[in-house]
Amino acid sequence: MIVDDHPIFRHGMRGLLETQTSFRVMAEARSAKEAWSLLEKTDIDLVLLDINMPGTDGIELASRLRARYSRLLILMVTMHKEDAYIRRSIAAGANGYVIKDAESRDIFKAIRTVAGGNRIFPDKYQPEPDLTLSEKRVLWLTGHHKYDTARIAARMEIVEATVNTHRHNIWQKLKAVLPEEETSNPNLLVILGVEYRFRCPEYPSE
(Lines give C-alpha, C1' and ligand atoms only; values in the text may rest on other atoms or scores of the structure.)
Protein backbone atom coordinates (compact mmCIF):
# COMPACT_ATOMS: atom_id res chain seq x y z
CA MET A 1 0.00 0.00 0.00
CA ILE A 2 1.21 3.51 -0.88
CA VAL A 3 0.43 6.17 1.75
CA ASP A 4 1.11 9.73 0.57
CA ASP A 5 -1.03 12.86 0.44
CA HIS A 6 0.20 13.85 -3.03
CA PRO A 7 -1.82 12.08 -5.77
CA ILE A 8 0.82 12.71 -8.44
CA PHE A 9 3.45 10.91 -6.35
CA ARG A 10 1.09 8.04 -5.49
CA HIS A 11 0.14 7.47 -9.11
CA GLY A 12 3.74 7.80 -10.26
CA MET A 13 4.95 5.32 -7.65
CA ARG A 14 2.17 2.92 -8.52
CA GLY A 15 3.11 3.06 -12.19
CA LEU A 16 6.77 2.49 -11.33
CA LEU A 17 6.03 -0.51 -9.13
CA GLU A 18 3.72 -2.07 -11.67
CA THR A 19 6.64 -2.34 -14.10
CA GLN A 20 7.90 -5.12 -11.81
CA THR A 21 6.03 -8.43 -11.87
CA SER A 22 7.12 -9.16 -8.29
CA PHE A 23 5.21 -6.15 -6.91
CA ARG A 24 1.47 -5.71 -6.59
CA VAL A 25 -0.05 -2.47 -5.33
CA MET A 26 -3.11 -3.40 -3.29
CA ALA A 27 -4.23 0.08 -2.25
CA GLU A 28 -3.46 3.79 -2.03
CA ALA A 29 -4.17 6.13 0.88
CA ARG A 30 -3.83 9.90 1.17
CA SER A 31 -3.96 10.09 4.97
CA ALA A 32 -3.48 8.08 8.15
CA LYS A 33 -7.24 7.72 8.49
CA GLU A 34 -7.57 6.22 5.02
CA ALA A 35 -4.60 3.91 5.66
CA TRP A 36 -6.21 2.54 8.83
CA SER A 37 -9.48 1.90 7.03
CA LEU A 38 -7.79 0.10 4.15
CA LEU A 39 -5.62 -2.04 6.41
CA GLU A 40 -8.70 -3.31 8.23
CA LYS A 41 -10.22 -4.70 5.03
CA THR A 42 -7.24 -5.36 2.73
CA ASP A 43 -4.47 -7.95 2.95
CA ILE A 44 -1.37 -5.75 3.06
CA ASP A 45 2.19 -7.03 3.56
CA LEU A 46 4.17 -3.82 3.13
CA VAL A 47 3.41 -0.12 3.40
CA LEU A 48 5.29 2.67 1.60
CA LEU A 49 4.83 5.59 3.95
CA ASP A 50 5.50 9.31 3.48
CA ILE A 51 6.36 11.49 6.50
CA ASN A 52 4.70 14.82 5.71
CA MET A 53 0.94 14.34 5.73
CA PRO A 54 -1.94 16.38 7.15
CA GLY A 55 -3.12 15.36 10.59
CA THR A 56 -1.14 12.35 11.78
CA ASP A 57 2.32 12.40 10.18
CA GLY A 58 3.99 9.32 8.75
CA ILE A 59 6.29 8.67 11.69
CA GLU A 60 3.45 8.77 14.21
CA LEU A 61 1.41 6.53 11.90
CA ALA A 62 4.34 4.10 11.67
CA SER A 63 4.44 3.89 15.46
CA ARG A 64 0.71 3.20 15.68
CA LEU A 65 0.85 0.65 12.87
CA ARG A 66 3.73 -1.16 14.54
CA ALA A 67 1.77 -1.38 17.80
CA ARG A 68 -1.32 -2.73 16.02
CA TYR A 69 0.20 -4.84 13.23
CA SER A 70 3.45 -6.31 14.52
CA ARG A 71 4.21 -8.21 11.29
CA LEU A 72 3.45 -5.35 8.90
CA LEU A 73 6.51 -4.18 6.96
CA ILE A 74 6.98 -0.41 6.86
CA LEU A 75 9.25 1.43 4.40
CA MET A 76 9.46 5.20 4.80
CA VAL A 77 9.58 6.97 1.41
CA THR A 78 10.30 10.64 1.96
CA MET A 79 12.19 13.74 0.84
CA HIS A 80 13.77 14.16 4.30
CA LYS A 81 17.48 13.26 4.33
CA GLU A 82 18.24 14.49 7.86
CA ASP A 83 19.40 11.94 10.44
CA ALA A 84 16.78 13.14 12.92
CA TYR A 85 13.97 11.82 10.72
CA ILE A 86 15.76 8.51 10.27
CA ARG A 87 16.21 8.16 14.03
CA ARG A 88 12.55 8.89 14.67
CA SER A 89 11.49 6.42 11.98
CA ILE A 90 13.61 3.63 13.44
CA ALA A 91 12.29 4.35 16.92
CA ALA A 92 8.74 4.20 15.51
CA GLY A 93 9.41 0.71 14.16
CA ALA A 94 10.08 1.33 10.47
CA ASN A 95 11.90 -1.45 8.62
CA GLY A 96 13.53 0.84 6.09
CA TYR A 97 14.00 4.36 4.80
CA VAL A 98 14.51 5.56 1.23
CA ILE A 99 14.59 9.02 -0.31
CA LYS A 100 11.89 9.85 -2.88
CA ASP A 101 14.33 11.10 -5.50
CA ALA A 102 16.41 7.92 -5.38
CA GLU A 103 16.96 5.98 -8.59
CA SER A 104 14.20 3.49 -9.35
CA ARG A 105 16.62 0.59 -8.89
CA ASP A 106 17.39 1.83 -5.37
CA ILE A 107 13.69 2.05 -4.54
CA PHE A 108 13.17 -1.49 -5.86
CA LYS A 109 16.15 -2.65 -3.80
CA ALA A 110 14.76 -1.05 -0.65
CA ILE A 111 11.36 -2.68 -1.14
CA ARG A 112 12.86 -6.11 -1.84
CA THR A 113 15.20 -5.79 1.16
CA VAL A 114 12.35 -4.98 3.53
CA ALA A 115 10.07 -7.61 1.95
CA GLY A 116 12.83 -10.15 2.52
CA GLY A 117 12.79 -9.52 6.25
CA ASN A 118 15.82 -7.21 6.43
CA ARG A 119 16.24 -3.53 7.25
CA ILE A 120 17.68 -0.82 5.03
CA PHE A 121 18.63 2.77 5.85
CA PRO A 122 20.77 5.37 4.06
CA ASP A 123 24.47 4.43 3.90
CA LYS A 124 25.59 7.83 5.18
CA TYR A 125 23.41 7.62 8.27
CA GLN A 126 25.52 7.91 11.46
CA PRO A 127 23.28 6.85 14.35
CA GLU A 128 25.69 7.53 17.21
CA PRO A 129 29.14 9.02 17.78
CA ASP A 130 32.27 7.01 18.54
CA LEU A 131 31.46 5.29 21.83
CA THR A 132 33.55 3.08 24.10
CA LEU A 133 32.48 -0.53 24.56
CA SER A 134 30.99 0.25 27.98
CA GLU A 135 29.08 3.21 26.58
CA LYS A 136 27.73 1.04 23.77
CA ARG A 137 26.55 -1.50 26.32
CA VAL A 138 24.81 1.15 28.39
CA LEU A 139 23.13 2.55 25.29
CA TRP A 140 22.12 -0.94 24.10
CA LEU A 141 20.60 -1.82 27.47
CA THR A 142 18.87 1.58 27.71
CA GLY A 143 16.96 0.62 24.56
CA HIS A 144 15.37 -2.34 26.40
CA HIS A 145 12.20 -1.40 28.28
CA LYS A 146 12.99 -3.78 31.15
CA TYR A 147 16.37 -2.27 31.98
CA ASP A 148 16.43 0.61 34.45
CA THR A 149 19.66 1.94 35.95
CA ALA A 150 19.82 -0.77 38.63
CA ARG A 151 19.38 -3.60 36.14
CA ILE A 152 21.91 -2.12 33.74
CA ALA A 153 24.42 -1.93 36.60
CA ALA A 154 23.73 -5.55 37.55
CA ARG A 155 24.05 -6.77 33.97
CA MET A 156 27.34 -4.95 33.47
CA GLU A 157 28.59 -5.78 36.98
CA ILE A 158 29.22 -2.14 37.83
CA VAL A 159 27.69 0.31 40.30
CA GLU A 160 24.79 2.60 39.38
CA ALA A 161 26.99 5.70 39.64
CA THR A 162 29.19 4.31 36.86
CA VAL A 163 26.13 3.75 34.66
CA ASN A 164 25.21 7.41 35.15
CA THR A 165 28.76 8.45 34.32
CA HIS A 166 28.59 6.50 31.06
CA ARG A 167 25.27 8.15 30.24
CA HIS A 168 26.75 11.57 30.93
CA ASN A 169 29.67 10.82 28.62
CA ILE A 170 27.29 9.64 25.89
CA TRP A 171 25.30 12.86 26.22
CA GLN A 172 28.47 14.95 25.88
CA LYS A 173 29.43 13.11 22.70
CA LEU A 174 25.91 13.51 21.31
CA LYS A 175 25.93 17.24 22.01
CA ALA A 176 29.10 17.55 19.96
CA VAL A 177 27.51 16.08 16.81
CA LEU A 178 23.74 16.61 17.05
CA PRO A 179 21.68 19.81 16.89
CA GLU A 180 20.33 21.26 20.14
CA GLU A 181 16.71 20.47 19.27
CA GLU A 182 17.59 16.76 19.38
CA THR A 183 19.83 16.72 22.43
CA SER A 184 17.19 18.65 24.37
CA ASN A 185 14.89 15.63 24.05
CA PRO A 186 15.07 13.75 27.40
CA ASN A 187 14.14 10.51 25.63
CA LEU A 188 16.99 10.67 23.10
CA LEU A 189 19.07 7.94 24.76
CA VAL A 190 16.08 5.60 24.76
CA ILE A 191 15.42 6.36 21.08
CA LEU A 192 19.07 5.74 20.18
CA GLY A 193 19.12 2.63 22.33
CA VAL A 194 16.08 1.20 20.55
CA GLU A 195 17.57 1.77 17.10
CA TYR A 196 20.95 0.42 18.24
CA ARG A 197 19.22 -2.83 19.23
CA PHE A 198 17.52 -2.94 15.82
CA ARG A 199 20.86 -2.76 14.05
CA CYS A 200 22.83 -4.85 16.57
CA PRO A 201 20.55 -7.50 18.13
CA GLU A 202 23.41 -9.05 20.09
CA TYR A 203 24.82 -7.57 23.29
CA PRO A 204 27.93 -5.50 22.35
CA SER A 205 31.18 -7.41 22.81
CA GLU A 206 34.86 -6.90 22.08
Hydrophobic cluster (4.5 angstrom, side-chain heavy atoms) - remaining members for Val159: none
Pairs involving residues 73-82, ordered by first then second residue, that meet salt bridge (Lys or Arg N to Asp or Glu O under 4.0 Å) (sequence neighbours left out): Lys81-Asp101
Inter- and intrachain pairs under salt bridge (Lys or Arg N to Asp or Glu O under 4.0 Å), touching residues 49-60, at least two apart: Asp50-Lys100, Asp57-Arg88, Glu60-Arg64
Working to the nearest 0.5 angstrom, can you tell me the gap between [X] [atom1] and [Y] [atom2]?
X: Glu18; Y: Leu16; atom1: CD; atom2: CG; value: 10.0 Å
X: Trp171; Y: Leu189; atom1: CH2; atom2: CG; value: 5.0 Å
X: Asn169; Y: Leu174; atom1: CG; atom2: CG; value: 11.0 Å
X: Met53; Y: Ile59; atom1: CE; atom2: CD1; value: 10.0 Å
X: Leu75; Y: Arg119; atom1: CG; atom2: CZ; value: 12.5 Å

Flag, side chain of Gln20 to backbone of Leu17, donor-acceptor distance under 3.5 Å: no
Under 3.5 Å donor-acceptor, His11 side chain and Pro7 backbone: yes
Quiz: residues 147-158 side-chain donor-acceptor pairs under 3.5 angstrom, not counting sequence neighbours:
from: Tyr147; atom 1: OH; to: Arg155; atom 2: NH1; distance (Å): 3.1
from: Asp148; atom 1: OD1; to: Ala150; atom 2: N; distance (Å): 3.3
from: Asp148; atom 1: OD1; to: Arg151; atom 2: N; distance (Å): 2.9
from: Thr149; atom 1: OG1; to: Arg167; atom 2: NH1; distance (Å): 2.7
from: Arg151; atom 1: NH1; to: Lys146; atom 2: O; distance (Å): 3.1

So, using side chain to side chain donor-acceptor pair (under 3.5 Å) as the criterion, who are the partners of [X] when residues are at least two apart?
X: Asn52; answer: His80
X: Arg197; answer: none
X: Ser22; answer: Arg112

Pairs touching residues 31-44 that satisfy side chain to side chain donor-acceptor pair (under 3.5 Å), sequence neighbours left out: Arg30-Glu34
Those residues that, when tested against Phe9, pass ring pair (Phe, Tyr, Trp, His ring centres under 6.0 Å) (two or more places apart): none
Pairs under 3.5 angstrom only: tabulate donor-acceptor contacts from the side chains of residues 66-73 to other protein residues two or more places apart or in another chain.
from: Arg66; atom 1: NE; to: Gly93; atom 2: O; distance (Å): 3.1
from: Arg66; atom 1: NH1; to: Tyr69; atom 2: O; distance (Å): 3.2
from: Arg66; atom 1: NH1; to: Ser70; atom 2: O; distance (Å): 3.2
from: Arg66; atom 1: NH1; to: Leu72; atom 2: O; distance (Å): 2.8
from: Arg66; atom 1: NH2; to: Leu72; atom 2: O; distance (Å): 3.0
from: Arg66; atom 1: NH2; to: Gly93; atom 2: O; distance (Å): 2.9
from: Arg66; atom 1: NH2; to: Asn95; atom 2: OD1; distance (Å): 3.0

By side chain to side chain contact (heavy atoms under 4.5 Å, CB included) - contacts of Ala35 (at least two apart): Met1, Val3, Ala29, Leu61
Side chain to side chain contact (heavy atoms under 4.5 Å, CB included) partners for Ala62, two or more places apart: Leu49, Ile74, Met76, Ala92
